[in-house]
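One structure is given here, and the rest of the page talks about it.
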2 protein chains.
Amino acid sequence: MRTAQNKRAKQRIFEAALALFARKGYAAVGVREIAKKAHVNISMINYYFGEKAGILKAIINECYDRYFKTIKPVGDEDLPVDEHIRKMIRTGVNFFRKNTELAIVAFDVIPLDIPEVMGLKVKWVTGIREGMENFRKKLGVDSRDVLQESLGPNVFVAVILNHFQGKYAAEQYPQFKEYVAQLNDAFYERYADALADLFLYGYMGRKKKENKEEE
Amino acid sequence: MRTAQNKRAKQRIFEAALALFARKGYAAVGVREIAKKAHVNISMINYYFGEKAGILKAIINECYDRYFKTIKPVGDEDLPVDEHIRKMIRTGVNFFRKNTELAIVAFDVIPLDIPEVMGLKVKWVTGIREGMENFRKKLGVDSRDVLQESLGPNVFVAVILNHFQGKYAAEQYPQFKEYVAQLNDAFYERYADALADLFLYGYMGRKKKENKEEE
DNA sequence: TTATCTGTCAAACGTTTGTTTTAATCAATC
DNA sequence: GATTGATTAAAACAAACGTTTGACAGATAA
């Protein structure tokens, strides 16, 4: 076995494709372009991934797998609500910061028309939702209620993802250099805290209002 | 002039492309597929839109134009903060509900690599941001502060868009029929209200906290 | 009536697409 | 020293790509 070198070629393809997909979208990138960027022969793509869509599937699996492994243990922790929300948001921000390209490609709605890809996503989303049941309950979110579910943890995941999509877009164009420069470690400490406050007060306020209405 | 018929063909191309782009992504859709769905000849696409990217540009312009015209007057209204947030969110929900495909295509981060398309988006986003200055001030958001800006109105726009992306995806697969069926008029009344509560309490809570810290 | 313009069409343009095949080379394992 | 697996280059494949062309019908304008 030459796993050290194997991995290097497969990994190079993976990373080259990831960067290209994130910028151009899956369908706009050709296998020749990927091969060129990865410094491998075209046939290596089919050798390792079977087909072009195989790379996309690998990206989706890698992203959701990392996401699950990152977020699940934090969701299972036994903390007071406020601390728990804060820690979850902090964890989420860190994840998206470290895995921006992965998330942009894997969490993009498009393409919806490749059944195998959609199947993968559905499987993962379902699994993650089930894994977050404890945290959801702590927030007072009943997953059988469509309204409550639509105000659950996915809400702040959407906000964070949106932020990093914007950041990534800004990074592609030099005119936004000053904006991007401000998004440093210190910023994300404050950002995570501010977001946590926003949702914390939001959830608490809603709960109070519901209790009043029940009286 | 035969504008009545002209519009019909151009409009058919626009709508066919929109539906296909929303499902598959811009790059994955060929001009022949669009022409077939629109029941026009392939050359009609270049005749009306110059190039394939012309359709995408038209979609982006149409979406942002509608969005601006919908949201701007509401943002300029003179209402108490709580009512204002509520009305803005209600307006946003209605917009995304009516223009889901338009929003999915126009607000998608990808593709980032077509400078003309990115230029369009930047122009619109800048314009809309400037147009929302009054509302932003009322929320207590200083647009020169990156942190505050990243917690501004774009936060709940992201949440709403995320919801309708999910809904649209669910509509494409029959296994989610029951979920989609629950998303009716009544749901969206409650959804908009609940979202408004969430952010209202969130912003108020954050403001209180800031005041305390200043003491 | 003749000339012009507009919408529409089929056909063809040269590229590029994803994939497969074949032959050859290189390094590591048995 | 034979075998195996990783990698390369080059070529071929049919299919699809975005765009252009030239012709023609019908309405409009001179």
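Just so you know, these numbers come straight off a predicted model, no measurement behind them.
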Practice item. Would you mind telling me which residue lines up with the more 5' stretch of DNA chain C, A:Asn41 or B:Ser43, judged by nearest nucleotide? Key: B:Ser43
Check your understanding: With a distance cut-off below 6.0 Å to the six-membered ring centre and an angular limit of 45° from the axis, does A:Lys10 pair with A:Tyr47 as a cation-pi contact?
Key -> no
Exercise for review: Could you tell me whether B:Lys52 sits above the aromatic face of B:Tyr26, with NZ or CZ closer than 6.0 angstrom to the six-membered ring centre and within 45 degrees of the axis?
Suggested key: yes
**Study point:** Pair B:His163 and B:Phe96, ring centroids less than 6.0 Å apart
**Key:** no
Revision key, fill the gap. To the nearest angstrom, the OH-P distance between B:Tyr48 and C:dT6 comes to 11 Å
Check your understanding: Is B:Tyr47 near enough to C:dT6 that one of its side-chain N or O atoms lies under 4.0 angstrom from OP1 or OP2?
Key -> no
Study note, to complete from the structure: With sequence neighbours left out, the residues meeting side chain to side chain contact (heavy atoms under 4.5 Å, CB included) with A:Val125 are A:Tyr64
What are the atom names and distances for every N/O pair under 3.5 Å that joins the protein to nucleotides 12-19 of chain C?
| from | atom 1 | to | atom 2 | distance (Å) |
| --- | --- | --- | --- | --- |
| C:dG18 | OP1 | A:Val29 | O | 3.2 |
| C:dG18 | OP1 | A:Lys52 | NZ | 3.1 |
| C:dG18 | OP2 | A:Val31 | N | 2.8 |
| C:dG18 | N7 | A:Arg32 | NH1 | 2.9 |
| C:dG18 | N7 | A:Arg32 | NH2 | 3.4 |
| C:dG18 | O6 | A:Arg32 | NH2 | 2.9 |
| C:dT19 | OP2 | A:Lys52 | N | 2.8 |
| C:dT19 | O4 | A:Arg32 | NH2 | 3.4 |

In residues 114-124 of chain B, what donor-acceptor pairs under 3.5 Å come from side-chain atoms, sequence neighbours left out?
| from | atom 1 | to | atom 2 | distance (Å) |
| --- | --- | --- | --- | --- |
| B:Glu116 | OE1 | B:Lys57 | NZ | 2.4 |
| B:Lys121 | NZ | B:Asp108 | O | 2.6 |
| B:Trp124 | NE1 | B:Asn61 | OD1 | 2.8 |

Point to revise | Gap between atoms CE and C1', on A:Met44 and C:dT21 respectively (whole Å) | key: 13 Å
Exercise for review: Have a look at B:His39 and say if it touches a base, only the backbone sugar-phosphate, or nothing, with a 4.0 Å heavy-atom cut-off.
Suggested key: nothing
Review point. Checking B:Glu101 side chain against B:Ala22 main chain: does a donor-acceptor pair fall under 3.5 Å?
Key: no
